[in-house]
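None of the values given here were measured: they were computed from a predicted structure.
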Amino acid sequence: WHSGRESSMTVSNEEYYDEENTSNTSKISKKGDSAFMKQKAGMQKGELDEQLREYIAVWKKQRAKEEEELQRLKEKQAKRKEIRAEQEKKLAAQKREEEERARQDAGERRALEEEAKKRALEEAERKRQEMLEAQKGKGGNKQGAPSLDAAKEMNKTKEQLEEEMKISLNIRIKPLDLECMDSVELRSKAKQLWETIVSLEKDKYDFEQQQLIQQYELKQLKEKQKMQLRNKALKKGLDPEAFTGKYPPKIRMFSKYERRIDIRSYLDRKMLYEGGWEIVRTENLEIIWKEKYEEWTKRQKIILPKWFGERPGKKPGDIETPELDGEDADGTAIGEEEFEEEDEEEEEE
């Protein structure tokens, strides 16, 4: 037992020494590995720094090129904007010149047309004045100028009429050269103008009175026309004011299915729609009542039999009912039969 214990102790001691030796060697190897790894990491870090410096240098060059390209594009865009602005200014100036030229041409054309129209109006007014002077020299009645076409006069605008009035006044009223006139000429000219004013006022009064007379005559004619239309409407059986309105009266047809005029009066048409079914119903009831009444009057009359020599239901003081031949006996027989039937019914009960 002692020998076995010693042998086990020696084995365990050897194992302990072996494990200690292996742990020491592992510690030494770990220290060497860590130093190697540190050296390797230092070398990799240096390489990475060098690569990063190279990358940064390349990026800076690329960035500088991009900035130069961007600056060049901006300058090109600015030049294009300047060129476009100059072109737009030129186009706007050209457009203004064309519009101004067109406006001037239109103004010149309008001025020529107005000048031609003015000359034509002056010529027409001069001819009219010459004709009036010729009529005055002949001693004829004073009349107005020949009337122009009514349609043209109505189509003229207010501006055209004012322009024609100005032209006519310029022709009629000539400017006075007062500096070359002495007192006698001025007095005679003033007298002439006064006489012209008086004659114009007379003509104005005459025209106003003539207008009033024409208005009165038109009123009388309208009243006369209204009276004629009223008589015509009365003859045709219509309302007196039927033809005096703005529009002619409506033609009343008898029916929308028959093409003939309705000649019925207002009362006839009114009676047509009054009552309706109520009237038909009352007429039918009247006929039925008459038929029933005739049947009632044609019925067989029955006189009740006498009881102890008196009619049943007779009151004292009433008149005696006459006895009819052949009916009294029937009545009594009917009465006796009825009484017999009543007695039999009572016995059975």
- Could you walk me through whether Glu67 and Arg63 pass salt bridge (Lys or Arg N to Asp or Glu O under 4.0 Å), step by step? CA-CA 6 Å; Glu67 287 179 354; Arg63 180 70 177 172; 3.4 Å; yes
**Asked** Are a donor atom and an acceptor atom from the side chains of Glu294 and Thr297 found within less than 3.5 Å of each other?
**Response** no
Tracing side-chain contacts under 4.5 Å among Ile, Leu, Val, Met, Phe, Trp and Tyr outward from Trp289 reaches Tyr293
| field | 4.5 Å side-chain heavy-atom contact, Met131 and Lys127 | value | no
- With the side chain counted from C-beta on, respond yes when Leu186 and Lys189 share a heavy-atom pair under 4.5 Å apart, and no when they do not. no
Value for CD (Glu278) from CZ (Arg281), rounded to nearest 0.5 Å, stands at 6.0 Å
| said: With heavy-atom distances below 4.5 Å as the criterion, would you say the side chains of Arg101 and Glu98 are in contact? | reply: yes
* To do: Inspect the contact between Arg110 and Glu114 and indicate whether a charged nitrogen and a carboxylate oxygen are less than 4.0 angstrom apart.
  => no
Begin with the C-alpha distance, continue with both residues' side-chain angles, and end with the deciding distance and a verdict on side-chain contact (heavy atoms from CB on, under 4.5 Å) for Phe243 and Arg230. CA-CA 7 Å; Phe243 295 125; Arg230 285 194 187 99; over 6 Å; no
* Going by distance alone, is a donor N or O of one side chain under 3.5 Å from an acceptor N or O of the other, for Glu201 and Tyr205? -> no
**Trace of the side-chain hydrogen bond (donor to acceptor under 3.5 Å, both in side chains) decision for Gln51 with Tyr55** = CA-CA 6 Å; Gln51 287 179 359; Tyr55 289 154; 4.6 Å; no
Open item on the list: Between Glu241 and Thr244, does the side-chain hydrogen bond (donor to acceptor under 3.5 Å, both in side chains) criterion hold? Intermediate values first, please.
Closed with: CA-CA 5 Å; Glu241 302 295 331; Thr244 57; 2.7 Å; yes
Apart from Ile83 itself, members of its ILVMFWY cluster (side-chain separation under 4.5 Å) are none
To the nearest 0.5 Å, atom CD1 of Ile197 lies from atom NZ of Lys204 at 12.5 Å
Glu68/Lys65 under salt bridge (Lys or Arg N to Asp or Glu O under 4.0 Å): CA gap, chis, key distance, verdict
CA-CA 5 Å; Glu68 288 176 2; Lys65 287 181 182 179; over 6 Å; no
Practice problem: With the side chain counted from C-beta on, respond yes when Lys95 and Glu99 share a heavy-atom pair under 4.5 Å apart, and no when they do not. | Solution: yes
In this structure, CD of Gln211 is separated from CD of Gln214 (nearest 0.5 Å) by 7.5 Å
Does atom CE (Met181) have a neighbourhood of more than 12 heavy atoms from anything else shown, all under 6.0 Å? yes
Taken to the nearest 0.5 Å, the spacing of Leu212 CG from Phe207 CZ works out to 13.5 Å
Report task. For the residue pair Lys222 and Lys226, establish whether any side-chain heavy-atom pair is separated by less than 4.5 Å. Result -> no
Item to complete: Please indicate whether Arg299 has more than 12 foreign heavy atoms, meaning atoms of other residues, nucleotides or ligands, lying under 6.0 Å from its CZ.
Response: yes
Sub-4.5 Å side-chain heavy-atom contact between Glu66 and Leu70
no
d(Thr282 OG1, Asn284 CG) to nearest 0.5 Å is 8.0 Å
Rounded to the nearest 0.5 Å, the CD atom of Glu97 sits from the CD atom of Gln104 at a distance of 10.5 Å
All heavy atoms of Pro240 vs all of Ala233, minimum pair found to be O-CB, 4.0 Å
request  = Evaluate whether atom CD of Gln225 has more than 12 neighbouring non-hydrogen atoms of other residues, nucleotides or ligands under 6.0 angstrom away.
outcome  = no
Check ion pair Arg103-Glu100 (N to O, under 4.0 angstrom): yes
(request) Give the C-alpha distance, both sets of side-chain angles, the deciding distance and a yes or no for side-chain contact (heavy atoms from CB on, under 4.5 Å) between Glu88 and Arg84. (result) CA-CA 6 Å; Glu88 288 178 355; Arg84 194 179 295 113; 4.0 Å; yes
